[in-house]
There are 2 protein chains.
Amino acid sequence: MSISEASIGASPLGRGPTIRDVAALSGVAASTVSRALTQPHRVNQATRERIEAAARELGYAPSTYPRSTGPGRSGAVAVLVPDITNPYFFDFIRSTQHQLKTAGYTQLLVDTEEDVELEATYLEEFRGSAVGFILPATRLSDEQLISAAAKSPLVTINRSTPGVPSVIIDTPSGVQQAMEHLFSLGHRDIAYLAGPPNSWSDGRRWDALQERAELLGIIIRRLGPYHPSTRSGAAAADTLLNSGATACIAFNDLVAIGVLVRLRERGIDVPNEMSVVGCDDIFGADFCQPPLTTLTAPIEQAGRVATDMLVSRLRPGRSQMRMKAELPTHLTIRASTGPPLRPAR
Amino acid sequence: MSISEASIGASPLGRGPTIRDVAALSGVAASTVSRALTQPHRVNQATRERIEAAARELGYAPSTYPRSTGPGRSGAVAVLVPDITNPYFFDFIRSTQHQLKTAGYTQLLVDTEEDVELEATYLEEFRGSAVGFILPATRLSDEQLISAAAKSPLVTINRSTPGVPSVIIDTPSGVQQAMEHLFSLGHRDIAYLAGPPNSWSDGRRWDALQERAELLGIIIRRLGPYHPSTRSGAAAADTLLNSGATACIAFNDLVAIGVLVRLRERGIDVPNEMSVVGCDDIFGADFCQPPLTTLTAPIEQAGRVATDMLVSRLRPGRSQMRMKAELPTHLTIRASTGPPLRPAR
DNA sequence: ATGAAAGCGCTAACAT
DNA sequence: ATGTTAGCGCTTTCAT
C-alpha cells in the first residue's frame, strides 16, 4: 500500500468489521456481541467489557440495515419536501428530524423540486425502504395519494384527502383576516397571486378569499398561476399593476418578496401605491423592503404533530390514531400594507 | 376490521409483500423474481410479464436494505450540514442529491445544528449505515476529522486537513478583494465580524484580511465571535458602531443581514455611515435593505465536485482520486457598500 | 450467562 | 432460462 493511499484512510468500499470480527477477537459468539451492545445488562460485566474493548479496537460500527429487515424492524421515515430551498420548510425539517430521532427513526429527507413525477418516483422508490412517509405540501392527485396511503403509512401536511391522515394549517381563515385588514384600510379591489395549480392549499385559499370578498362586496381577482419562487415575482408584479387592484395577497412569501423587489425596481411605492401580503412568514419576510405583512404559520408545530401521528401508526401497540389536526395561523402586520392612495370608488 | 381502519390504508407496520410472495404468486423461484426485476433481459419474456403482473397485483416494493448488506452493496451517503436553515446550503444540497442519485446512492441529509457533539454523534451513528460522508463546513477538530476519515470515506468542503479529501472555496481571496474595494472607497478602518471559533473558514478569512490590511496600511479589527445567524446581528452591529470602524466584513450573509436590520433600527444609514459586506451571497442578500454586497460562492459546483470525489473513492475501479479542488468566488457589489462619511484621518 | 441456529429480504454463484 | 443454495450483518428464540 502506497503512502498516499494510507493517508486517505478508510479502505475504498471496505466493509468495516462485522459483529463476527468482534466476536472472534473477544472469544465469544456473535449473538453475545449483539446482546452486549444492545442490552448491556443481559450480559456478564467482564464479558461485556471485553467485547466493548474489542469493538473499540476494531473500530466496529453496527450497520443499521439488517435491523430493518429482521424482526422488530425500525427504519427510516422519508420526508418529501417539494422545495428544499423554500425557507418555509426550515423549521419543519428540523422539527421532524428531532421527533423522528427521538422515536428511534431516521429521517430521509428528499427534495422533489416541485415535480409531481419526481415525487411519485421517490414515493415508489422508497416504499420498500422507508417505514413511512411525511408529505408536506404534496402535489399528488387524490387518486395517487390514496393509492400511496394504501401501501405505506403516511401523513400529509396541508392536504386533506379522505382516509389520509393529515395536519392542516388553517391559512384560509388567515387570508380572510388579511383581506379584512386590507378592507379596513380602504382597499376594494384585491388580487390573489395564485400558486401551483395542483396545490391543495392554493385552492382552499382562493375559495376562502372569494367567499369573503363576496361578503364584503369587493373585487377579488385571481392572477397566475405562478411558480412559488421569488423568480415569479416580476411577472406577477407586472400583471398586478395592470390589473387595477390596489392590494394583493400572494400564495406564499417567496412570490410576495419577488413582487416587492420588482415593484421597487419599477419605482412603485409599497404600501402607498400597492399593498402586499404574503403567506407563511418565512426567513426573509422580516428583513425584505418593506418588511412583509404575512400569515405566520406554526410550521414547527406542524412537523411535530405530523411525526407523532405517523409514529403512533407505526407502533402496533397504540390504540387508534388521530386522523386530522388543524393548526391556526395569525396575521403578522408589517410595513408592506397600508392605505391605498385613495379608497376605491 | 372497522371501516375507519380500512380507510387508513396500509396495515400498521405491516411488512409489505416480499419477493417470495411474488414468487409464489407467479409460480417461480425467488431468485427469478429478483432477476426479472433487476435484469429483465436475463429472463423469459412470458415469465417476466407474469412476474411483473404478480408484483403489481401484490403492490410489491423492493426493500433496498438487503442490497446494502449483500454483495455489490450500494447504499446511502450521509451529508452533514451544520445548519439546514442556512440558505447557503440550498444549492449544495440539491446538487449533492442530484449527483448522488445519478451515481446510484441515496442522500441521507442530516442537520447537525452547529453542534460539534451532535455532528460527532451522527458521524458515529451513520458510520455503519452510510457508505460515505460529505461534510460541508464541519466543526470537527483535525484529530476528530482524521480519525473519522480513517474509518469512512469522506469529503469535506471548506476545510483542509492533511490526508482528508476536500473542496475549498476560495473566500480568502474574496475577502481581500472586498477589502480593497472598501479601501478604494476611502475606508481605512475595517471590522471583521467573526464566525464560530472552530470554523476553519473563519480563521482563513481573518488571516487573509490581516495580511492585506498590513499591505494597505489600514486597520482591521476582529469583532466577535458571533453565532452565524441573523440573531447575532444586533450584538454585532452595536459593537461595530462603538469600534470606530467605518465598514465591516461579516463571516457570512446571515450575520451581515442581521447587522443591516439592526443598523436600520438604530437609524444608521448604510452605506453612508457604515458599509457592510457579507460572504456567500445567499437567498435574501439581494432583497434585503439595502441589497448586500457579498462574495458569491459557487456552492452548487462545490456539491457536484465533492460528490464526484467521494463517488470515485467508492468505486473500486477508479484509479486514483483527486484529493483537493479549489473553487474561486467573486465579489458581487450591491448597495450596502459606498463611501464613508469622510475618509479616515 | 452464553452459544447454536434460524431467519429477515435480497442477490449471486452454481447447478440444472 | 430457471431453480437451488449460500450468504450479507444482525437479532432473536431456544437450548445449554
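In what follows, chains are A, B, ... by sequence order, proteins preceding strands, each numbered from 1. All of these numbers come straight from a predicted model, not from anything done at the bench. Computed from heavy atoms alone, side chains included, the values below leave out hydrogens, waters and symmetry copies.
- Between D/dT12, C/dG3, D/dT4, one nucleotide has an atom nearer to the side chain of B/Ser31 than all others, and that is D/dT4.
- Atom-to-atom, CZ of A/Arg42 to P of D/dT13 comes out at 10 Å; the value is rounded to the nearest Å.
- At distances below 3.5 Å, at least one donor-acceptor pair connects side-chain atoms of A/Arg127 with backbone N or O atoms of B/Gly59.
- In this entry the distance linking CD of B/Glu49 with C1' of D/dT2 reads 17 Å, nearest Å.
- For B/Ile19, counting side-chain heavy atoms from C-beta on, the closest listed nucleotide (C/dC10, D/dT11, C/dT2) is C/dC10.
- Here A/Tyr60 reaches the OP1 or OP2 of D/dC10: one of its side-chain N or O atoms lies under 4.0 Å away.
- One distance of note links OG1 of B/Thr161 with CG of B/Asp142; it measures 4.0 Å at 0.5 Å rounding.
- Between A/Ile51 atom CD1 and C/dG3 atom C1' there is a gap of 12 Å when expressed in whole angstrom units.
- Of all nucleotides listed (D/dG3, D/dT11, D/dA1), D/dG3 comes nearest to the side chain of B/Thr32.
- Among the nucleotides C/dT2, C/dC10, D/dT2, the one closest to any side-chain atom of B/Thr47 is D/dT2.
- Contact between the side-chain N/O atoms of B/Ser63 and the OP1/OP2 oxygens of C/dC10 is not found at any separation under 4.0 Å.
- Around CD of B/Glu117, the count of heavy atoms belonging to other residues, nucleotides or ligands within 6.0 Å does not exceed 12.
- Residue contacts shown for A/Gln45 are absent, as no nucleic acid heavy atom lies under 4.0 Å away.
- Taking 4.0 angstrom as the limit, A/Gln39 places none of its side-chain polar atoms (N or O) nearer than this to OP1 or OP2 of D/dT11.
- Residue B/Ser34 has a polar side-chain atom (N or O) positioned under 4.0 Å from OP1 or OP2 of C/dT11.
- Side chain of B/Thr18, nearest nucleotide from D/dG3, C/dG9, C/dT2: C/dG9.
- Nucleic acid contact for A/Val33: none, since no nucleic acid atom lies under 4.0 Å from a heavy atom of the residue.
- Between B/Leu37 atom CG and C/dG9 atom P the separation is 16 Å, expressed in whole Å.
- Nearest nucleotide to the side chain of A/Arg20, out of D/dC8, D/dT2, D/dC14: D/dC8.
- Taking a cutoff of 4.0 Å between a charged side-chain nitrogen and a carboxylate oxygen, A/Asp91 and A/Arg304 do not qualify as a salt bridge.
- By the salt bridge (charged side-chain N to carboxylate O under 4.0 Å, His left out) test, A/Asp308 is found to be paired with no residue, residues two or more places apart in sequence or in another chain being considered.
- In this structure, CZ of B/Arg48 is placed 10 Å from P of D/dT2, rounded to the nearest angstrom.
- Taking atom CZ on B/Arg35 and atom P on D/dT2, their separation rounds to 8 Å, with Å as the unit.
- The CG-C1' distance, from A/Asp21 to D/dC10, rounds to 13 Å in whole Å.
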